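The structure appears right after this line, and notes come after that.
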Amino acid sequence: MLVGTPVKRVEDYPLVTGFAKFLDDLTVPNMVYAHFIRSPYAHARIKRISGVKALKEGALAFYSGRDIKLNPLPVGSVYKGSNTPKLLPLAVDKVRFVGEPVAVLVGVDRYSLADLAELVEVEYEPLQPLMSVEEALREGAPLIHEEFGTNTCLRWSYSSGNVMEAFESADRVVKAVFKIQRLAAVAMEPRGVLASYDSSSKRLTIWLSSQTPHQHRTWIAESLNMPETAIRVLTPNVGGGFGSKLAIYPEYVVVPWLAMKLGRPVKWFESRTENLQTTTHGRDMVAEMEAALDRDLNIKALKCRITADIGAYNYAYTQDNPVTAANMIVGAYKIPAVDLEVVEVFTNKNGTDAYRGAGRPEASYFIERLMDRIAAELKVDPIEIRRRNFIQKNMFPYKTPTDFEYDTGDYEKALEKLMELSGYERLVEDVRKARIDGKLVGLGLSTFVEVCNFSYQSAYVKVEPSGNIIVYTSTSPHGQGDATAFTQIVSDFFGVPMERIMIVHGDTDAVPQGSGTAGSWTLTAGGHAIIRACEKVREKMVSIAAGMLEASPRDIVLEAGRFYVKDNPEKGVSFDEVAATAYDQGGVPEGVEMGLTATGFYKPSLTYPFGAYLAVVEVDPETRKVTPLKLYLVNDVGRIVNPLLVEGQIYGGAAQALGQAVLEEVVYSGDGSLLTSSLSDYMIPSATEIPETVIAFTETPAPNELGTKGVGELATIGLTQAIVNAVEDALSHKVLVGETPLTPSRLYKLINGRGR
């Protein structure tokens, strides 16, 4: 069996040798380039735009928003009662954030276009920018979208259980406010699009760095007023996405429009500055929390108000993320009553959308920070407060007050393994001794749960006459190693060596409709769709083998790449022989259709991975620099298909969580300029910032055939709060951390504010 073993990735050779093709490697004959003119103002009216000078100096074409008549960009998720503005591909009358595109230039050389762009004349009438939620909600504040009469996008509320009674009878009430900063996904490969139009067939081919090629085809067709069948979307290798390549962006419809308008292929690839300015941001939420506890330290009710700065526009799933954070706020705890409110507010910043975890990291951060705050105020062990409130193993499936049904879990087991793995009692003693020596060392805990597998997937499986297998999957990976895991599954299913299996993805003409890659659903939803298709192929192969062996299909067994009669194992035929017969007109039994192809769809049930993490950190008493010393990460992702892939996902997610805790933040000036517009200003972790990390697993299978839950976002969801909790512990809880990242300057101000 290959499933469960650490098989090396099958897709790595072209990636590590440089032969792999990413979007910016692609060229087609007669191709030209697009360059977008972007607003330097966060809030302004557009008075006049002229590209005459640029055209005179060699630009092939120039178009402003008034020249391009396209539909507003689609929004994937719109809540009832929300104010959802129209985002035009190019701004027409008004700009609402720095970097919003107002015009586009086309030329034969992308670098000379940057010079020609300086000749484009745009006259703006500056308006007051609103750069914080407080400013946007202030009475009499300017309106970012005048048509709504408010700067509020959405007010959402939910209540379950007797919250009022729980607070009235509570022995203790603990309150806290936590802020998560705005973050950028910073995928290794920025966004890009290449479009080519064939006027003879009236078909548009689009190469796109996308997580969801089918969804992007739908949205592009809607904006261009074209049938989906007239558009083919192809995704080459994608160098990371982390949610930022889910949304539909202006460039994705303008570039195809240009290709049709000019009759030439057009390509655009964003710079890193554009990436930080205009690719959707993540997080940027504040939670005001209150917990009502009884004398036994049980949390009887929870109040939570989340205020989210969503920027100037709704992108695909902007409205979802704060609501998801509220819905998952109870975490791993049996909290019977909740009162929740979400307020989403427009500001003059780039829009927010999914970023690795998409609402679940925020929920986990808020509840886990609150658990430590409760422990500190009540002077109880942070382990004890969690154990008292854990959902117990015998309570699954467990219905939360927000109506999520957790499938399986054993949170106590994961915590116990963490204590054993880390040598917790010894660590506590080591910390005590370090503090005697004047060192500021602390331990931080996080016990958390997430939800994933939100969407369906499809697969098309073809066994060729040679016995080789091609699998077309609707998932669209961006670095996770999906081809390896899928190959392992198919190899085990049919008993065919891995080298005879090929995985195809990212082509809307070849692959059945599906949901692409997000939400930690690739393996569970994508893998089961493949199994569904394989089952149909196997059923036909069994019928063909039965005809060849003159036996009943009920008596045929497939094992190790061979079909045989169960009561007579010597009587059998190979997988390859059956495959060849399936394409032999004279060999296929009566009533069996020729060929070996099948399509499978899989609609998953939600799954709930979980974990228990411990961070050891040190704070420099002079510089206030936070240094994570060691991380212990116990994960439960259900059944593991490939430990190498899972560990890779955990390491990567942990790095992003560490960045959120101590380094990363998107920062705007008061006038709306982006101050973190390069990787010299926006700090991401490098190898030197990653401490020794010990990874371990418990295994609580999900109730599906593979037993898998999901892993891609887990460490990002679980680790940030452990690091921040450790910093508060290092400071003996005399300094309360309200917001991240914990940069030396922020920590210095916090400590000095406490008179330290």
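This one's a predicted model, so the numbers in the text were calculated from it and none came from an experiment.
- Here the closest non-hydrogen pair linking Thr708 and Ala702 is O-CB, 3.3 Å.
- A donor-acceptor pair is defined here as one N or O able to donate and one able to accept, closer than 3.5 Å; no such pair exists between the side chain of Ser515 and the backbone of Gln457.
- Separation of atoms CG (Leu714) and CZ (Arg356) is listed at 9.5 Å; rounding is to 0.5 Å.
- Of the options His733, Gln721, Arg386, a side chain to side chain donor-acceptor pair (under 3.5 Å) to Asp372 is made by Arg386 and by none of the others.
- Closest approach of Gly710 to Cys452, counting heavy atoms only: CA-SG, 4.0 Å.
- Between Tyr411 and Phe396, the ring center distance clears the sub-6.0 Å criterion.
- Taking the charged nitrogens against the carboxylate oxygens, Glu288 and Lys303 have no contact shorter than 4.0 Å, which rules out a salt bridge.
- Thr627 and Glu618 form no side-chain donor-acceptor contact under 3.5 Å, judged by distance and modelled atom types alone.
- No more than 12 heavy atoms of other residues, nucleotides or ligands lie within 6.0 Å of CD in Glu420, so this atom counts as exposed by the packing criterion.
- Ion pair Arg432/Glu429 flagged as a salt bridge, since at least one NZ, NE, NH1 or NH2 atom sits closer than 4.0 Å to an Asp/Glu carboxylate oxygen.
- The one candidate from Asn635, Thr607, Thr408 that meets the side chain to side chain donor-acceptor pair (under 3.5 Å) condition with Lys709 is Thr408.
- Ion pair Lys300/Asp171 not flagged as a salt bridge, since none of the NZ, NE, NH1 or NH2 atoms sits closer than 4.0 Å to an Asp/Glu carboxylate oxygen.
- Smallest separation of non-hydrogen atoms from Val666 and Thr676: CA-OG1, 3.5 Å.
- Between Arg283 and Leu183, the shortest heavy-atom contact is CG-CD1, 3.5 Å.
- Interatomic distance, Asn350 CG to Asp284 CG, rounded to the nearest 0.5 Å: 11.0 Å.
- No donor-acceptor distance shorter than 3.5 angstrom exists from the side chain of Asn453 to the backbone of Leu606, with no hydrogens or angles considered.
- Using modelled atom types and a 3.5 Å distance limit, the side chains of Tyr317 and Asn321 yield no donor-acceptor pair.
- Taking CG of Asn151 as the reference point, atom CD1 of Ile310 lies at 10.5 Å (rounded to 0.5 Å).
- Taking CD1 of Ile385 as the start and OH of Tyr333 as the end, the distance is 9.0 Å to the nearest 0.5 Å.
- With values rounded to the nearest 0.5 angstrom, Asn725 atom CG is found 9.0 Å from Arg373 atom CZ.
- Outside the 6.0 Å centre-distance limit, the rings of Tyr355 and His281 are not counted as a close aromatic pair.
- Asp403 places no side-chain N or O within 3.5 Å of a backbone atom of Lys399 that could act as its donor or acceptor partner.
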Dump the intermediate steps for salt bridge (charged side-chain N to carboxylate O under 4.0 Å, His left out) on Arg369 and Glu728, then the final yes or no. CA-CA 10 Å; Arg369 294 285 291 114; Glu728 278 197 354; 3.0 Å; yes
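- Under the 4.0 Å criterion applied to side-chain N and carboxylate O atoms, Arg746 and Glu739 are assigned as salt-bridge partners.
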Go through it in stages, so that I can follow the logic: the residues are Asp296 and Arg388, the test is salt bridge (charged side-chain N to carboxylate O under 4.0 Å, His left out), and I'd like the CA-CA distance, side-chain angles, deciding distance and then a yes or no. CA-CA 8 Å; Asp296 295 321; Arg388 291 283 183 99; 5.1 Å; no
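- Not a single donor-acceptor pair under 3.5 Å links the side chain of Ser732 to the backbone N or O of Lys734.
- Between Glu699 and Arg639 no salt bridge is recorded (no basic side-chain N to carboxylate O distance below 4.0 Å).
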For Arg360 and Glu713, run salt bridge (charged side-chain N to carboxylate O under 4.0 Å, His left out): C-alpha distance rounded to whole Å, both residues' side-chain angles, the deciding distance at 0.1 Å, then the answer. CA-CA 9 Å; Arg360 291 103 79 211; Glu713 297 152 298; 2.6 Å; yes
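- In this structure, Tyr613 has its ring center closer than 6.0 angstrom to the ring center of Phe448.
- To the nearest 0.5 Å, atoms CG (Asp309) and NZ (Lys349) are separated by 4.0 Å.
- In this structure, Ala696 and Lys417 approach most closely via the heavy-atom pair CB-CE, 4.1 Å.
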Please step through side-chain contact (heavy atoms from CB on, under 4.5 Å) for the pair Arg172 and Ile374, ending with a clear verdict. CA-CA 10 Å; Arg172 289 292 298 267; Ile374 292 169; over 6 Å; no
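- The closest donor-acceptor contact from the side chain of Thr720 to the backbone of Ala657 lies under 3.5 Å.
- For the residue pair Leu130 and Pro142, the shortest heavy atom distance occurs at CD1-O, 3.1 Å.
- Formation of a donor-acceptor pair under 3.5 Å by the Asp339 side chain with backbone atoms of Val163 is not found in this model.
- With salt bridges taken as basic N to acidic carboxylate O contacts below 4.0 Å, none links Glu412 and Lys393.
- Using modelled atom types, one side-chain atom of Ser244 and one backbone atom of Gly241 make a donor-acceptor pair closer than 3.5 Å.
- Within a 6.0 Å radius of CE in Met164, other residues, nucleotides and ligands contribute 12 heavy atoms or fewer.
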